[in-house]
Amino acid sequence: MTDTPIPIDPAGDKLTGIRGETLSFKADPFIYNAETCYDHQQDGLIIIQNGHIIDAGDYKSIRPKYAELQEDDIDHYHDSIILPGFIDTHVHYVQSPMIGSFGDTLLEWLNTYTFPTESKFCDKQFADEVAREFFKQLLEQGTTTANVFATTFEESVDAFFEESERYNTRMISGKVLQDRNLPDSLKDTDTQESILIAEKLLKKWHHHGRQLYAVIPRFAPTSTPTQLQLAGELYQRYIDQGVYMHTHLDEVQSEIDWVRELFPEMPNYTEVYKHFGLVDRLSVMAHCCIVREEEWEILHRSGCGVAHCPSSNLFLGDGEFKYWEAKNATRPLRVGIGTDVGGGTNFSIPRQLGEAYKVAMLQSKSLDALKSLYLATRGGAEVLHLENTIGSIAPGYEADIAVIDLKPSEFAEWRMKFTSTIFEKLFVLMTLGLNNMNKATYIAGRKVYDRNRESKWMYAKELTD
Ligand code: GUN
Ligand code: ZN
């Protein structure tokens, strides 16, 4: 990460700016001295061209350098904190229609609500409708990148990426591979063919604009060993081109017990994935609540990322994620935050942080606002190995930005009178968990969501000037 401005492109888009209080991370506060890990400007200015941040810093020192930037092209925010857009490292867009369904246990909930809902995604129109709603929810909450499960059907993948292209969001998704222990309506009926379809979708969508592809075996119990083997081979064929692997790991004890029954020869759950070539640097493991030390070591050595999904873990009564294990200084992991909708109970990353605090408190550990905000932004980018592309406000980064209201309600405004630092304010916000916190969301420099605009959501093409 560098502070050196990017030269203006004389043939490029006109310059635009965003002014106000800004906060951004440049290093991991779990590892380094926290005070050196972030950049906070009371009156900051972000200069944007061609979808990228070309300069950022203190308004007074930056503004004079850009005489060609028109005053009208600067969006000025008061009583707000301008952050890199949030990164949701694990979410199922296909579960949006069943969020808030009665839980019981994970495996019951999957059978009763999740699988029947996902079975409907062979219908492209239905998939389109859900994708539309999902993106609206994400952008309303200030989430700009997500690592997303589609489901079995090609239609579910196409609908997702098509909507993402309309907003020009940087998203990761792919076909879910699942050929056993599911209803016939959702199962891959032909294992070989399931991999061919995944590869076809990969070729269609990976690096198509800002879209990125992931090989997604749902979790070990819903794939035959043959499918896991072929999924691992597919991932290994494309990992050097930046293709991801995304799955669930060590979420709840009943799941871990089931994996032990299905793969009795394997020493632990992580080794199952490793055996099939699925544990590598672009692998993202959701949950990791009940993890043995030898598993953490494998995950660390291979450079895997972990998605902590606190509201889902509480809702489904899973295990409790232990950030101090994941961030053990001798073998730290890349950790980000996931909503895991529909196991998660809302689309808001700040609200997940409020839940993450409580999950840690259940084990007498406290997660402060500084570390939390890092997990929600740069930490998520590190999970995706995109920390030089998204997740920070600095020259060269893609201009994906959220503008969080520091006074989102009358009560919050009154409460804020009794705070002093920005981290105190952010802690209050994530704890109150108000739903209306985000004023605006910028994707590659365009304001695709504006809480106060008549058309709150607008596609990128509608915003060209
Ligand atoms: N494990 C396998 N599938 C799922 C899912 O859809 N949600 C959650 N929370 N865990 C899973
Ligand atoms: Zn999940």
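In listed order, ligands and their atoms are each counted from 1.
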State the atoms of ligand 1, each with its element, that fall below the 4.0 Å cut-off from a heavy-atom position in [X].
| X | value |
| --- | --- |
| His92 | 5 (C), 6 (O), 7 (N) |
| Leu106 | 8 (C), 9 (N), 10 (N), 11 (C) |
| His287 | 9 (N) |
| Leu316 | 9 (N) |
| Phe219 | 1 (N), 2 (C) |

ask   = Does His92 put an N, O or S atom under 2.8 Å from the Zn ion (ligand 2)?
value = yes
### Message
I'd like to know: is the Zn ion (ligand 2) within the 2.8 Å range of an N/O/S atom from His287, strictly under that distance?
### Response
no
among protein heavy atoms, the one nearest atom 10 (N) of ligand 1 is Glu251 OE1, 2.7 Å
Looking only at protein heavy atoms, identify the closest one to atom 5 (C) of ligand 1 and say how far it is in Å.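 For atom 5 (C) of ligand 1, the nearest protein heavy atom is Leu110 CD2, 3.5 Å.
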**OP:** Determine, using heavy atoms of Trp109 and all atoms of ligand 1, whether some pair is separated by less than 4.0 Å.
**Re:** yes
Treating [X] as the side-chain partner and [Y] as the backbone partner, does any N or O pair qualify as donor plus acceptor under 3.5 Å?
| X | Y | answer |
| --- | --- | --- |
| Arg351 | Gly433 | yes |
| Thr169 | Thr144 | no |
| His206 | Gln241 | yes |
| Glu462 | Tyr459 | yes |
| Tyr244 | Tyr235 | no |

Notebook entry, point to check: Can an N or O of Arg218 be found at a distance shorter than 3.5 Å from an N or O of ligand 1?
Noted result: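 Yes, since at least one N or O of Arg218 sits under 3.5 Å from an N or O of ligand 1.
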| request: Would you check the N or O atoms of Gln95, main chain and side chain alike, for any that come under 3.5 Å of an N or O of ligand 1? | output: yes
- request: Using side-chain contact (heavy atoms from CB on, under 4.5 Å) as the criterion, point out the one residue from Leu196, Thr224, Val215, Ile195 that pairs with Leu230.
  value: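 With Leu230 as partner, side-chain contact (heavy atoms from CB on, under 4.5 Å) holds for just one option, Ile195.
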Check your understanding: Which single N/O/S atom of Asp340 lies at minimum distance from the Zn ion (ligand 2)?
Key ->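 Going through the N, O and S atoms of Asp340 one by one, OD1 ends up nearest to the Zn ion (ligand 2).
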Per residue His90, nearest N, O or S atom to the Zn ion (ligand 2) is named NE2
ask   = When you look at His52 and Tyr397, which way does the ring pair (Phe, Tyr, Trp, His ring centres under 6.0 Å) test go after all the steps?
value = CA-CA 6 Å; His52 286 76; Tyr397 280 77; 9.4 Å; no
Quick look: Asp340 vs ligand 1, heavy-atom contacts under 4.0 Å, and the answer is side chain
- request: State, yes or no, whether a side-chain contact exists between Glu382 and Tyr374 at a heavy-atom distance under 4.5 Å.
  value: yes
Do Ile404 and Leu429 come close enough that some side-chain heavy atom pair is under 4.5 Å?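 They are in side-chain contact.
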Quiz prompt | Ion pair check, Arg210 and Glu165, cut-off under 4.0 Å | solution =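 Here Arg210 does not pair with Glu165 in a salt bridge, since their nearest N and O are not under 4.0 Å apart.
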